[in-house]
Amino acid sequence: MKAKLHLQNVLSSILESKGWEWPEKAVLEPPRDKNFGDMSANIAMMLSKQAKMNPRAIAEEIKNELDNDPYIEKVDIAGPGFLNFTFSNSFWQNLIPEVLEKGADFGRSEIGKGIKVQVEYVSANPTGPLHIGHGRGAALGDCLVRILEFTGHDVEAEYYVNDAGRQMLILGNSIWVRLQQSEGRDVADPEDFYKGEYIIDIAKEVLALNPTILEMDEADSIAICRKYGMNQILEGIKKDLAAFDVRHDVWFSEASLVSVGKVEETFADLKARNMAYEKDGALWFKSTDLGDDKDRVLRKSNGDLTYFASDIAYHDDKYKRGFDKVVDIWGADHHGYIPRMQAAVEALGKKGQLEVILVQLVNLLRGGEQIAMSTRAGKFETLEDVVNEVGRDAARFMFLSRKSDSHLDFDLDLVKQKTMENPVYYVQYAHARICSVIRKATDEGIEVGTSDQNLLSNLNNTEELGLLKLLDQFNDVVESAGEYMSPHTISYYLRDLASALHRFYSMHHILSAEKEIIAARLLLLQAVAKTLANGLNLLGVSAPEKM
RNA sequence: GCGGCAGUAGCUCAGUUGGAUAGAGCAACGGCCUUCUAAGCCGUUGGCCGAGAGUUCGAAUCUUUCCUGCCGCACCA
C-alpha cells in the first residue's frame, strides 16, 4: 500500500510534467515473480498511443526521472515496456513503526467513509434449525460485515424473518398433527409437512403449556402451535448464530410489513410509476420492462400476497431507512430470483444499489461419504452439531476459504484433522509461534527495543524483507476483499503470510544472533503477529497465543 | 428448451478488473529436530488452463460455437 501510493504519486507527477494523462487502466502491483522487483507498472504500454512514442522510449524517459527518488533503488525496463521498481530496504523497514503504532487498526481504511451499507444474511425460515448451508452464508455475511466496517463503511447486519406466509402455516400444522398423534389421535401426516424430530419436541412443549389445547377450536390450536413453534425455533437460531460468533443488529419481521400496510404503500407506488397492473384477478409487476423473462404476480387472485410482493416492500423499506447500498446474501438456488428483484429495485428508483451474493451449496461429507440433507424430511446435520464437532475456527475458515459462488465440500473428518489440508491451523500456528518466541525472549530478559531506524536497518535478509513486503499488501487485500465482496482472498493472503513466517522461522534462529538483530527481529515478529491477528479477526477466527 | 454457475497438475482449489515464464496445498519421491512450537522447513516430479474459432502488441481472463457437470425456471418461500 505504501509502496503503491508512493509510486502512484511519483509517477503521476512525472506524467503531469510531460503532459501525459494517467491511463485509466494502468496497473500498479507487486509482480507475481520476485525477479521483477517489488512493484511493476504497465503504464508505458498504455501511454504509447497518446504520447505517440514506442513503449520502450517512454519507459526510458520515466526511468530517467526516477533516478533520484530516495526510496526507489532500482528501475528496470522489461519486455514491451514494463517498468519494474525495486524499493530500498529502509523503505520496507519503516513499515514496522507504522504497524506497531496502529496495532489493531493496522489495515483499516477509509474508502467506505460515509457509505451506509446493509448486509442481510442467513434469513432462514424459522421452520427448523440452521444447517451447514446456512453456516456458510452466516460465515460469509459476518465476515463481509467485518470487512466493510474495517474499510470505513457504516454497516448494519440484518436477518429477515419470514414469519408470514405458507411455510409458517405448514409449520403450525405440522406441530398440531404431531401433538394430536402423541395423544393417540389417528391423524395422517399431511402432504406438506415438516418431519423432523424437533417438531415432536415442540409439540410436547406446546401441550405441556396448553393442557386444554385438544379441546379448543382447531384454528386456535394451530395458531398456538405456529406461534410457539416459530418463537422456539427462532430462539434456537439466535443461539446457534451467537455460538458461531455471528452478528445481526436487526431482526426484521416480514409480518410487520403487512400489518403496517407497507406492502399496499409499495403497490400504490408501483402503480403510480405504471409498473403494476391488474389481470385475471391478480396484481402483476411489469418486470419484463426491466429485463425479467416474464411479469410476476404480486397479489394472487385469491387475495393473498406473494413472497415477492412483501420482498419488494421490504427492499423499499431498506432504502427508506437510508442505506446507500444493500447487500443480500442468498442460497444459490435462488439465483432465478435475481432478475425480478433487480427489476423491482430499479422500479423503486434504486438501480445499482442492490448487490446479491450467491452462496453455493455445501456438500457435507464424512470420510468422503456424502451426508444427505433436507429440512422437510428432517434429515440434516445442524450447524450447532457441526460447530460442536469441528470447532468454530475450523468451520469458519473452511467456509471462507473458497469463492462463495463455487461448491464447497465440507468433510467433517478432514476439517477436524490438524494437517495442512486444514489451513486454519497453519495460520494460527504462525501466530502462536511468534507469541512463543516473544515469551521466550521475555523470559530470558531480552529487551524488545524501540523501533528506530538504526535498529531496523538490521532487517536485511530475503526472508525478513519478504515478510515486510507482505505486510505492506495487507491494506490492499482488505480493500479489494471489500470492493469485490470476496473474503476468501483474505484467507489466501493469511496463508501466504504464515508461510513466509514459517520459512523465516526455520531459516533463521531468531534468538541466537547479535543483540541488535534480535531486537529488530522481535519488532518484526510483533508486526507480523499483529497483521495475522487483524486478518484472522476479519474472518472471525481466533489468533491463539499458544497451541 | 430457456437461464445461472462451473470445467486450471493425480486430488482440492487460487489466479478471471486483458499483461511478463499459469500458482498454492495435498498426494508421490528425497532431505532437515543436542538451540525459539516438526501442526513446521527445503528440494524434485507433475499443465494442449474442457475443445474449436475470433478480437489485439498481448487471452486461463473478452466475444462466439460446441462438449461435460451442478442448479434454477410457481398466482412456493
Side-chain angles (χ1 to χ4, degrees), chain A residues 25 27 29 31-33 35-36 40-42 45-46 48-49 54-55 78-82 84 123-125 127 162 164-168 170 192 254 279-284 293-294 296-311 331-339 358 360-361 363 401-403 405-409 411 414 417-430 432-441 443-444 446 480 483-484 486 488-489 491-492 495-496 498-499 501-512 518 521-522 525 546-547:
Chain A
K25 291 197 165 177
V27 179
E29 60 183 7
R32 299 211 173 110
D33 192 319
N35 295 325
F36 295 134
S40 73
N42 60 353
M45 264 167 285
M46 309 250 165
S48 74
K49 264 187 193 158
N54 77 53
F82 273 96
N84 295 327
S123 300
N125 286 342
T127 55
N162 299 127
R166 223 171 74 88
Q167 300 303 323
M168 280 299 107
I170 296 174
D192 287 320
E254 178 187 3
K279 193 184 118 192
D280 303 335
L283 181 68
W284 296 73
D293 311 342
K294 51 193 277 192
R296 306 289 173 172
V297 172
L298 295 169
R299 196 196 306 107
K300 305 180 207 173
S301 45
N302 69 5
D304 287 351
L305 298 174
T306 61
Y307 176 82
F308 182 47
S310 51
D311 216 10
D333 51 342
H334 290 71
H335 78 254
Y337 191 69
I338 296 178
L358 294 180
Q360 270 294 352
L361 299 176
N363 289 322
S401 64
R402 286 289 131 77
K403 280 187 298 202
D405 59 359
S406 62
H407 290 267
L408 175 70
D409 286 337
D411 192 316
L414 214 112
Q417 276 175 35
K418 299 176 174 182
T419 68
M420 251 323 287
E421 292 213 41
N422 190 9
V424 64
Y425 294 105
Y426 185 77
V427 177
Q428 291 182 318
Y429 187 48
R433 255 186 163 170
I434 295 175
C435 294
S436 168
V437 174
I438 293 176
R439 267 198 306 274
K440 171 110 181 166
D443 287 350
E444 291 179 6
I446 297 171
S480 79
E483 192 176 352
Y484 299 108
S486 54
H488 73 280
T489 53
S491 327
Y492 278 89
R495 255 188 270 190
D496 286 345
S499 168
L501 183 278
H502 288 310
R503 188 185 159 87
F504 169 58
Y505 180 91
S506 37
M507 291 185 72
H508 306 282
H509 196 274
I510 295 154
L511 296 181
S512 51
I518 295 177
R521 283 178 176 171
L522 288 175
L525 287 185
K546 267 187 195 167
M547 284 174 77

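Lettering follows sequence order; numbering is per chain, from 1.
Base pairing of B:G1: its partner is B:C73, meeting the Watson-Crick or G-U wobble criterion (both donor-acceptor distances under 3.5 Å). Here B:U16 sits opposite no nucleotide as a Watson-Crick or G-U wobble pair (both hydrogen-bonding atom distances under 3.5 Å). The base-pairing partner of B:U35, taking Watson-Crick or G-U wobble contacts with both distances under 3.5 Å, does not exist among the strands shown. With a 3.5 Å ceiling on both atom-pair distances, the Watson-Crick or G-U wobble partner of B:U64 is B:G52. In this structure, B:A9 makes no Watson-Crick or G-U wobble pair, since no nucleotide meets both defining distances under 3.5 angstrom. The partner of B:G58 cannot be assigned: no Watson-Crick or G-U wobble pair with both contacts below 3.5 Å exists in any strand. Base-pair partner of B:U45: not found among the strands shown (Watson-Crick or G-U wobble, both distances under 3.5 Å).
Contact of A:Thr306 with B:C75 (side chain to base): no donor-acceptor pair of N or O atoms is detected under 3.5 Å. At a cut-off of 3.5 angstrom, the base of B:A24 holds no donor-acceptor pair with the side chain of A:Ser499. Side-chain atoms of A:Asn84 come within donor-acceptor range of the base of B:A20, with a qualifying N/O pair under 3.5 Å.
Between A:Met507 atom CE and B:C36 atom C1' the separation is 17 Å, expressed in whole Å. To the nearest angstrom, P of B:G1 lies 17 Å from CG of A:Asp293. Separating the OH atom of A:Tyr425 from the C1' atom of B:G25 is a distance of 17 Å, rounded to the nearest angstrom.
Side-chain atoms of A:His335 lie closest to B:G3 of the nucleotides B:G3, B:A39, B:C36. Comparing B:C76, B:A20, B:A14 against the side chain of A:Arg166 picks out B:C76 as the nearest.
Nucleotides B:A77 and B:G58 are separated by 49 Å at their C1' atoms, to the nearest Å. B:C57 and B:G18 are spaced 12 Å apart, taking the C1' atom of each and rounding to whole Å. The P atoms of B:U45 and B:U63 are separated by 37 Å, rounded to the nearest whole Å.
Among the heavy atoms of the strands lying under 4.0 Å from A:Ser436 is at least one base atom, whether or not backbone atoms are also near. Here A:Ser40 lies in heavy-atom contact (under 4.0 Å) with a base. If you check every strand for non-hydrogen atoms under 4.0 Å, A:Arg296 touches nothing. Contacts of A:Phe36 with the nucleic acid, taken as non-hydrogen atoms under 4.0 Å apart, include base atoms.
Listed pair A:Lys403 / B:U12 fails the phosphate criterion, with no side-chain N or O lying under 4.0 Å from OP1 or OP2. The side chain of A:Tyr429 places an N or O atom within less than 4.0 Å of a non-bridging phosphate oxygen (OP1 or OP2) of B:A39. For A:Arg495 and B:A14, the shortest distance from a side-chain N or O to OP1 or OP2 is not below 4.0 Å. Within the structure, a side-chain polar atom (N or O) of A:Ser406 is placed less than 4.0 Å from OP1 or OP2 of B:A14. Listed pair A:His502 / B:A38 fails the phosphate criterion, with no side-chain N or O lying under 4.0 Å from OP1 or OP2.
If you find the closest nucleotide of RNA chain B to A:Tyr337 and to A:Lys440, the one lying nearer the 5' end belongs to A:Lys440.
For the pair A:Arg166 and A:Asp192, the salt-bridge criterion is met [side-chain N within less than 4.0 Å of a carboxylate O].
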